[in-house]
Amino acid sequence: MKENATTVPRVNIYVEKLKSNVCLMIEMCKKYNIEIMAVTKGVGAIKEIVDIFEECGVNILADSRLINLAKMTDRKQTKVLLRLPMISYANDAVELADISLNSEIATVRALNDSAIKQNKIHKIILMIELGDLREGVLPYDVNVFVSEVISMSNIKLVGVGTNLTCYGGVVPDESKLKTLADIATEIENTFSIKLDIISGGNSSTLKLLVENKKIDSRINNLRIGEGILLGTETSYGKQMEGFYNDAFILETEIIEVKEKNSLPDGVRSINSFGETTEIKDVGVHTRAIIALGRQDVNHLGLSPLDNGITILGASGDHTILDITKSKNKYKVGDTLSFNLNYSSLFGAMISTYINKRYIK
Ligand SMILES: *Cc1c(COP(=O)(O)O)cnc(C)c1O
């Protein structure tokens with residue numbers, strides 16, 4: 001069977017567009033004295049893409065998965081574990097990450113034990129819960145937490161951070177970021193320490209930068225994945241001016257084109273995923289099936305580049321399209337292209353079913 005980077009399905013990666021996004025992001029954040037942690041999980045920390053980050057001068061690489069950090073051990077950049085460490089993986093976290101984000105004292109104790117064994121100082125950023133209700137210590141629990149952490153021999157508290165717009169959809173604004181900065185200052189004053197990193201969130205915080213909002217001058221770090229990969233701020237999911245949203249394009253081949261009824265014929269129950277779907281009757285229309293399914297990628301995050309095409313649904317190996325309104329006369333063997341949202345990009349980049357083709 002033929003198998004090379006040009007076989008479909010594949011993700012085309014437009015190297016210059018991606019490079020432009022990363023470089024522009026670094027520049028944009030620098031104006032606010034903000035350094036970015038370039039988040040690699042959206043592309044499974046693939047070597048070729050991390051190389052691009054490196055070329056643009058990224059100093060900090062961050063990922064939520066140890067398995068991805070393990071792919072980057074030879075790199076000179078600081079490595080950050082974004083997801084709270086699993087306590088049973090404390091050893092690996094200390095081995096693979098220079099810094100981890102934390103909110104549980106039991107885990108930090110385990111990290112300290114591992115760091116003692118490995119004769120290392122492990123740095124941590126304390127995550128503060130500011131209302132989105134994902135990870136973080138509640139503000140009034142901060143002092144108890146910090147007082148124990150600073151007594152640990154091999155843990156160094158280097159900063160505080162927050163995560164917003166992830167679970168609750170709470171957007172970062174000037175007041176949330178000021179609260180974070182104030183907590184940092186209070187920790188410094190109470191414990192006579194200096195915090196170097198005040199991490200004001202993820203790509204959702206970019207919205208404030210794009211709009212030239214005044215944000216607390218102590219905020220000096222953002223953890224950015226989607227913003228550099230897809231050029232979107234994630235508070236409202238808007239494309240940012242000057243950034244490319246098409247550095248990654250998914251392509252695959254048409255395997256069937258037919259005129260069929262839009263309405264299924266027969267007694268209907270659930271589909272192969274246990275879902276009951278509502279199907280609109282638009283009469284007979286032109287349908288195409290492409291060689292791509294849920295086993296490859298989340299079809300809900302795909303947007304056909306041909307805007308005359310709509311995605312009707314997908315099973316494990318097939319995605320079904322309505323191509324009636326397209327100006328193109330598609331036939332079996334033609335290739336179709338799709339833009340990907342962040343969730344589909346995640347899947348496509350780590351899928352072994354999908355080739356990656358780097359286009360200079
Ligand atoms: C994934 C992740 C990020 C990056 O989020 P984007 O929206 O892709 O910028 C930042 N912080 C944490 C803790 C994460 O898990």
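Looking only at distances, no side-chain donor or acceptor of Ser351 sits under 3.5 Å from a matching main-chain atom of Gly347. Remark: side-chain polar atoms of Lys176 are paired, donor with acceptor, to backbone N or O of Leu130 under 3.5 angstrom. Side chain of Ser114 to backbone of Ala110: a donor-acceptor contact under 3.5 angstrom is found. Gln118 places a side-chain N or O within 3.5 Å of a backbone atom of Asn91 that can act as its donor or acceptor partner. The backbone N or O of Ile309 lies less than 3.5 Å from no partner atom in the side chain of Ser326, so there is not a single donor-acceptor pair. Lys156 places no side-chain N or O within 3.5 Å of a backbone atom of Asn154 that could act as its donor or acceptor partner. Using a distance-only test at 3.5 Å, with no hydrogens or angles considered, a donor-acceptor pair links the side chain of Asp296 to the main chain of Gly293. Under a 3.5 Å cut-off, the side chain of Thr252 and the backbone N or O of Val8 do not form any donor-acceptor pair. Judged purely by atom type and a 3.5 angstrom limit, Asp92 has no side-chain atom pairing as donor or acceptor with the backbone of Leu66. Looking only at distances, no side-chain donor or acceptor of Asp216 sits under 3.5 Å from a matching main-chain atom of Ala181.
Val108 and Val146 end up in the same hydrophobic cluster when Ile, Leu, Val, Met, Phe, Trp and Tyr side chains are linked at under 4.5 Å. Residues Leu84 and Leu81 fall into different hydrophobic clusters, defined by Ile, Leu, Val, Met, Phe, Trp and Tyr side chains chained together at heavy-atom separations under 4.5 Å. Residues Phe53 and Tyr358 fall within the same hydrophobic cluster, defined by Ile, Leu, Val, Met, Phe, Trp and Tyr side chains chained together at heavy-atom separations under 4.5 Å. If you chain together hydrophobic residues whose side chains sit under 4.5 Å apart, Ile350 and Phe338 never meet in one group. The cluster map of Ile, Leu, Val, Met, Phe, Trp and Tyr, joined by side-chain heavy atoms under 4.5 Å apart, puts Ile193 and Ile155 in the same cluster.
Within a 6.0 Å sphere centred on CD of Glu129, other residues, nucleotides and ligands contribute more than 12 heavy atoms. In Tyr353, the OH atom is not crowded: 12 or fewer heavy atoms of neighbouring residues, nucleotides or ligands sit closer than 6.0 Å. More than 12 heavy atoms of other residues, nucleotides or ligands lie within 6.0 Å of CZ in Arg287, so this atom counts as buried by the packing criterion. Within 6.0 Å of NZ in Lys194 there are more than 12 heavy atoms belonging to other residues, nucleotides or ligands. More than 12 non-hydrogen atoms from other residues, nucleotides or ligands lie less than 6.0 angstrom from CG of Asn189.
Judged as a salt bridge (Lys or Arg N to Asp or Glu O under 4.0 Å), the pairs with a partner in residues 105-123 (not counting sequence neighbours) are, in order, Arg109-Glu148. Sorted pairs that involve residues 131-144 and meet side-chain hydrogen bond (donor to acceptor under 3.5 Å, both in side chains), not counting sequence neighbours, are lacking altogether. Legend: side-chain hydrogen bond (donor to acceptor under 3.5 Å, both in side chains) pairs involving residues 231-245, not counting sequence neighbours, sorted by first then second residue: Glu226-Thr232. Each salt bridge (Lys or Arg N to Asp or Glu O under 4.0 Å) pair with one or both residues in residues 310-333, not counting sequence neighbours, appears once here: Lys331-Asp334.
Across all non-hydrogen atoms, the minimal contact from Leu206 to Cys29 is CD2-SG, 4.3 Å. Ile279 and Leu263 make their closest contact through O-CD1, 3.5 Å (heavy atoms, listed as atom of the first residue, atom of the second, distance). Nearest heavy-atom pair across Gly200 and Leu180 is CA-CD2, 4.1 Å. Among all heavy-atom pairs drawn from Thr319 and Ala314, the shortest one is OG1-CB, 3.7 Å. Heavy-atom minimum distance, Glu251 versus Ser337: OE2-OG, 3.1 Å.
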Inset, instruction - Show the numbers, then the answer: is there a side chain to side chain contact (heavy atoms under 4.5 Å, CB included) between Asn12 and Phe248? - result: CA-CA 6 Å; Asn12 288 339; Phe248 298 87; over 6 Å; no

Inset, instruction - Show your reasoning for whether side chain to side chain contact (heavy atoms under 4.5 Å, CB included) applies to Ile46 and Lys71. - result: CA-CA 8 Å; Ile46 279 185; Lys71 296 178 193 169; 5.6 Å; no

Inset, instruction - Kindly indicate, with the supporting measurements, whether the criterion side chain to side chain contact (heavy atoms under 4.5 Å, CB included) is fulfilled by Leu164 and Val171. - result: CA-CA 6 Å; Leu164 293 161; Val171 296; over 6 Å; no

Legend entry - Val170 and Thr165: CA distance, side-chain angles, deciding distance, side chain to side chain contact (heavy atoms under 4.5 Å, CB included) verdict: CA-CA 5 Å; Val170 172; Thr165 339; over 6 Å; no

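Between Glu174 and Lys178, none of the side-chain N atoms (NZ, or NE/NH1/NH2) sits under 4.0 Å from a carboxylate O, so this pair counts as no salt bridge. Ion pairing between a basic and an acidic side chain is recognised when a charged N comes within 4.0 Å of a carboxylate O; Arg75 and Glu54 show such pairing. For Lys19 and Glu55, the salt-bridge test passes: some basic side-chain N is under 4.0 Å from an acidic carboxylate O.
Clustering of Ile, Leu, Val, Met, Phe, Trp and Tyr side chains at separations under 4.5 Å leaves Val144 isolated, with no partner residue. When hydrophobic side chains of Ile, Leu, Val, Met, Phe, Trp and Tyr are connected at separations under 4.5 Å, Ile289 ends up clustered with Ile255, Leu312, Ile320. Taking Ile, Leu, Val, Met, Phe, Trp and Tyr as hydrophobic and joining them when side-chain heavy atoms fall under 4.5 Å apart, one finds Ile359 in a cluster with Tyr14, Ile249, Leu305.
By the salt bridge (charged side-chain N to carboxylate O under 4.0 Å, His left out) test, Lys17 pairs with Asp246, sequence neighbours left out. By the salt bridge (charged side-chain N to carboxylate O under 4.0 Å, His left out) test, Arg294 is found to be paired with Glu275, residues two or more places apart in sequence or in another chain being considered. Tyr342 is linked by a ring-ring contact (aromatic ring centres under 6.0 Å, His included) to Phe346, counting only residues two or more places apart in sequence or in another chain. For Ser262, the side chain to side chain donor-acceptor pair (under 3.5 Å) partners at least two apart in sequence or on another chain are Asp281.
Donor-acceptor pairing under 3.5 Å is recorded for the side chains of Thr277 and Arg268. Side chains of Thr40 and Asp63: a donor-acceptor N/O pair is present below 3.5 angstrom, by distance only. Side-chain contact of Asp306 with Tyr330: a donor-acceptor pair under 3.5 Å is present, judged by distance alone. Remark: the His122 side chain and the Ser100 side chain contain an N/O donor-acceptor pair separated by less than 3.5 Å.
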Output side-chain donor-acceptor pairs under 3.5 Å for residues 217-224, partner residues at least two apart or in another chain, one line each.
from: Arg218; atom 1: NH1; to: Thr185; atom 2: OG1; distance (Å): 3.0
from: Arg218; atom 1: NH1; to: Glu188; atom 2: OE1; distance (Å): 2.8
from: Arg218; atom 1: NH2; to: Glu188; atom 2: OE1; distance (Å): 3.4
from: Arg218; atom 1: NH2; to: Glu188; atom 2: OE2; distance (Å): 3.1
from: Asn220; atom 1: OD1; to: Ile198; atom 2: N; distance (Å): 2.8
from: Asn220; atom 1: ND2; to: Asp196; atom 2: O; distance (Å): 2.7
from: Asn221; atom 1: OD1; to: Ser199; atom 2: OG; distance (Å): 2.6
from: Asn221; atom 1: ND2; to: Glu35; atom 2: O; distance (Å): 3.4
from: Arg223; atom 1: NH1; to: Thr162; atom 2: O; distance (Å): 3.3
from: Arg223; atom 1: NH1; to: Ser199; atom 2: OG; distance (Å): 2.8
from: Arg223; atom 1: NH2; to: Thr162; atom 2: O; distance (Å): 2.8
from: Arg223; atom 1: NH2; to: Asn163; atom 2: OD1; distance (Å): 3.0

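Here Leu300 contributes atom CG and Asn341 contributes atom CG; the two are 8.5 Å apart, rounded to the nearest 0.5 Å. The CG atom of Leu138 lies 9.5 Å from the CD1 atom of Ile128; values are rounded to the nearest 0.5 Å.
Looking at heavy atoms from C-beta onward, Leu61 lies out of side-chain contact with Met37 at the 4.5 angstrom threshold.
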